[in-house]
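Written out below as structure tokens is the structure these notes cover.
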Amino acid sequence: MWTSWWLWPLVAVCAADQFRDLAVRIMQDTPVIDGHNDLPWQLLNLFNNQLQDPGANLSSLAHTHTNIPKLKAGFVGGQFWSAYVPCDTQNRDAVKRTLEQIDVIQRMCQAYPETFACVTSSTGIRQAFQEGKVASLVGVEGGHSIDSSLGVLRALYHLGMRYMTLTHSCNTPWADNWLVDTGDDKAQSQGLSHFGQSVVKEMNRLGVMIDLAHVSVATMRAALKLSQAPVIFSHSSAYSLCPHRRNVPDDVLQLVKETGSLVMVNFYNDYVSCSAKANLSQVADHLDHIKKVAGAAAVGFGGDYDGVSRVPLGLEDVSKYPDLVAELLRRQWTEAEVRGALADNLLRVFEAVEQASNHAQVPGEEPIPLGQLEASCRTNYGYSAAPSLHLPPGSLLASLVPLLLLSLP
């Protein structure tokens, strides 16, 4: 009898090791593609984006959730790096700062070519997998980064952006953010304005994934209804388990299922447990719930590492993904379901977005109405009331006549 008491813990440990070993075997073939990592923001805050600073060495970077050894230990094979700039840059220097964050992502790939491969397509991700590198993609976190310009949207696409979060924690002039649902912000667009719909259509045309993390429920529904391709939630969890407005409610999860879209589960404690503390098992609960409501094809990982102040016990940094996968296997997820959550679901969505794109289609050109923009720090060139250098024939000479007359004796 006493023998059985000490045998049971040993059996449990062996079983845990078995699931961990299986997780590692699966991830050697199908590494994780994570939907959202804010390491570029840490590089700005800590080093002003100076990668040659000795402290910024990504092989030994300390006090962050992410560095190269941790990425390798976590079998991270694909990462959407966040080109994030705060809401206080809106109507100011958002575009400039976004360009700088895209630049630092690209310089990461240049500085560590043996580790990172900057790619812009699903094919590029698969190629990086084969080369044993981290496929590195740009996700722009917040529609304020385009300054309400379809031209800027297209320029960011050409610089490598492959998803854009329609809002951060602030409204844009054309889309409402999640704080509308808490009552802390007022609805301006009732989801998406007419120009916001143009943004979604242009993202579809280009082949940029639409990210609905951070947006209001009305914006979620509007975008899911309008988009001609699946969308993603790059770092959001399940509202039914943690009723935080950054999470996705069940009725929206039904739309996710109907549209073949994807929810990449966030690890931030406040979105996992709605409290300051959380654990790995609770994150697995969110994955289970989304799988139950929207299907196994709708689940992914969006850890939000280096963008949050507290993460769950057992998921302290990016090296811990195998432990989460082991927990899913313990919960009787099939290998196919696990591979889907790791990478295959994101690749399916990305490929669908690429297939729905149409660069032969005429780009969207209609500008946002001038009255919907804050005018404090911007010029009005191109709008009908704005001064223009394109003057009608003879107008330049006519404008000079008074000056000529004044010069006469």
Side-chain angles (χ1 to χ4, degrees), residues 83-87 89-92 94-95 98 139-157 161-182 184-236 245-246 248-249 251-252 255-256 259 261-262 349 353 356-358 361-375 378 382-383:
Y84 162 71
V85 298
C87 283
T89 64
Q90 184 162 211
N91 300 311
R92 297 166 68 187
V95 175
T98 301
V140 169
E141 188 181 13
H144 59 283
S145 285
I146 66 169
D147 198 23
S148 299
S149 167
L150 297 179
V152 173
L153 174 67
R154 287 187 284 269
L156 295 184
Y157 168 81
M161 175 186 71
R162 286 302 178 268
Y163 81 61
M164 184 176 75
T165 320
L166 296 188
T167 73
H168 195 254
S169 297
C170 54
N171 291 339
T172 65
W174 43 271
D176 293 336
N177 84 103
W178 67 275
L179 290 170
V180 167
D181 296 330
T182 68
D184 293 313
D185 275 351
K186 293 183 179 179
Q188 294 176 228
S189 302
Q190 313 307 319
L192 290 172
S193 71
H194 175 73
F195 183 78
Q197 294 174 23
S198 297
V199 171
V200 167
K201 291 175 182 177
E202 189 65 5
M203 292 173 73
N204 281 166
R205 188 192 72 83
L206 289 168
V208 178
M209 286 184 285
I210 295 158
D211 177 23
L212 301 181
H214 285 281
V215 306
S216 70
V217 171
T219 306
M220 294 178 193
R221 292 179 181 138
L224 281 159
K225 180 179 179 181
L226 179 63
S227 179
Q228 297 299 304
V231 308
I232 65 169
F233 292 77
S234 67
H235 56 306
S236 297
R245 287 298 182 180
R246 267 286 281 106
V248 188
D251 65 315
V252 175
L255 296 175
V256 167
T259 56
S261 296
L262 181 65
V349 169
V353 169
S357 68
N358 184 1
Q361 181 182 338
V362 176
E365 293 185 338
E366 183 180 355
I368 190 170
L370 180 60
Q372 295 178 15
L373 298 173
E374 285 191 23
R378 67 175 73 248
Y383 289 94

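Computed over heavy atoms, backbone and side chain alike; hydrogens, waters and symmetry mates excluded. Nothing here was measured: the structure is a model prediction, and the numbers come from that model.
- Between Leu262 and Pro230, every side-chain heavy-atom pair lies at or beyond the 4.5 Å cut-off.
- For the atom pair CG (Asn177) and OG1 (Thr165), the distance works out to 12.0 Å, reported to the nearest 0.5 Å.
- For the residue pair Ser216 and Asp181, the shortest heavy atom distance occurs at CA-OD2, 3.4 Å.
- Ile146 and Leu156 make their closest contact through CG2-CD1, 3.9 Å (heavy atoms, listed as atom of the first residue, atom of the second, distance).
- The two residues Leu150 and Glu366 make their nearest non-hydrogen contact at CD1-O, 4.0 Å.
- Looking at Ser193, its side chain never comes within 3.5 Å of a backbone N or O of Ser189 through a donor-acceptor pair.
- Taking 4.5 Å as the limit, every side-chain heavy atom of Val140 sits out of range of all side-chain heavy atoms of Val208.
- Among Asp211, Val231, Val353, the single residue meeting the side-chain contact (heavy atoms from CB on, under 4.5 Å) criterion with Tyr163 is Asp211.
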Check your understanding: For Met161 and Thr98, what are the C-alpha separation, side-chain angles and deciding distance, and is it a side chain to side chain contact (heavy atoms under 4.5 Å, CB included)?
Key -> CA-CA 11 Å; Met161 175 186 71; Thr98 301; over 6 Å; no

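- Going from atom OG1 of Thr172 over to atom CD1 of Ile368 covers 7.5 Å, rounded to the nearest 0.5 Å.
- When the shell of 6.0 Å around CD of Gln361 is examined, it contains more than 12 heavy atoms from other residues, nucleotides or ligands.
- Using a 3.5 Å distance cut-off with no hydrogens or angles, the side chains of Asn204 and Ser227 do pair a donor with an acceptor.
- Here the straight-line distance linking atom CZ of Arg154 with atom CZ of Arg205 works out to 6.5 Å at 0.5 Å rounding.
- Below 30°, between 30° and 60°, or above 60°: for Phe195 and Trp174 the angle between ring planes is above 60°, a perpendicular geometry.
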Review point. Is there a side chain to side chain contact (heavy atoms under 4.5 Å, CB included) between Ser148 and Gln372 once you walk through the steps?
Key: CA-CA 10 Å; Ser148 299; Gln372 295 178 15; over 6 Å; no

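- Interatomic distance, Arg246 CZ to Ser169 OG, rounded to the nearest 0.5 Å: 7.0 Å.
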Review point. Arg245 and Leu179: side chain to side chain contact (heavy atoms under 4.5 Å, CB included), yes or no, with the steps?
Key: CA-CA 8 Å; Arg245 287 298 182 180; Leu179 290 170; over 6 Å; no

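- Expressed to the nearest 0.5 Å, how far CG of Asn91 lies from CZ of Arg378 amounts to 5.0 Å.
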**Study point:** Criterion side chain to side chain contact (heavy atoms under 4.5 Å, CB included) on Val349 and Met209, from CA distance to verdict
**Key:** CA-CA 8 Å; Val349 169; Met209 286 184 285; 4.1 Å; yes

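- Remark: the backbone N or O of His144 is not paired with any side-chain donor or acceptor of Gln90 at under 3.5 angstrom.
- Looking at every heavy atom in both residues, Asn171 comes nearest to Lys186 through ND2-O, 2.9 Å.
- Closest of all the heavy-atom pairs between Pro369 and Tyr383 is C-CE2, 4.3 Å.
- Residues Met164 and Val199 are in side-chain contact: their nearest non-hydrogen atoms beyond the backbone lie under 4.5 Å apart.
- Rounded to the nearest 0.5 Å, atoms CG (Leu166) and OG1 (Thr219) are 7.5 Å apart.
- Shortest non-hydrogen contact noted between Cys170 and Asp185 is CA-OD2, 4.1 Å.
- Atom CD of Gln228 sits in a sparse spot, with 12 or fewer heavy atoms from other residues, nucleotides or ligands closer than 6.0 Å.
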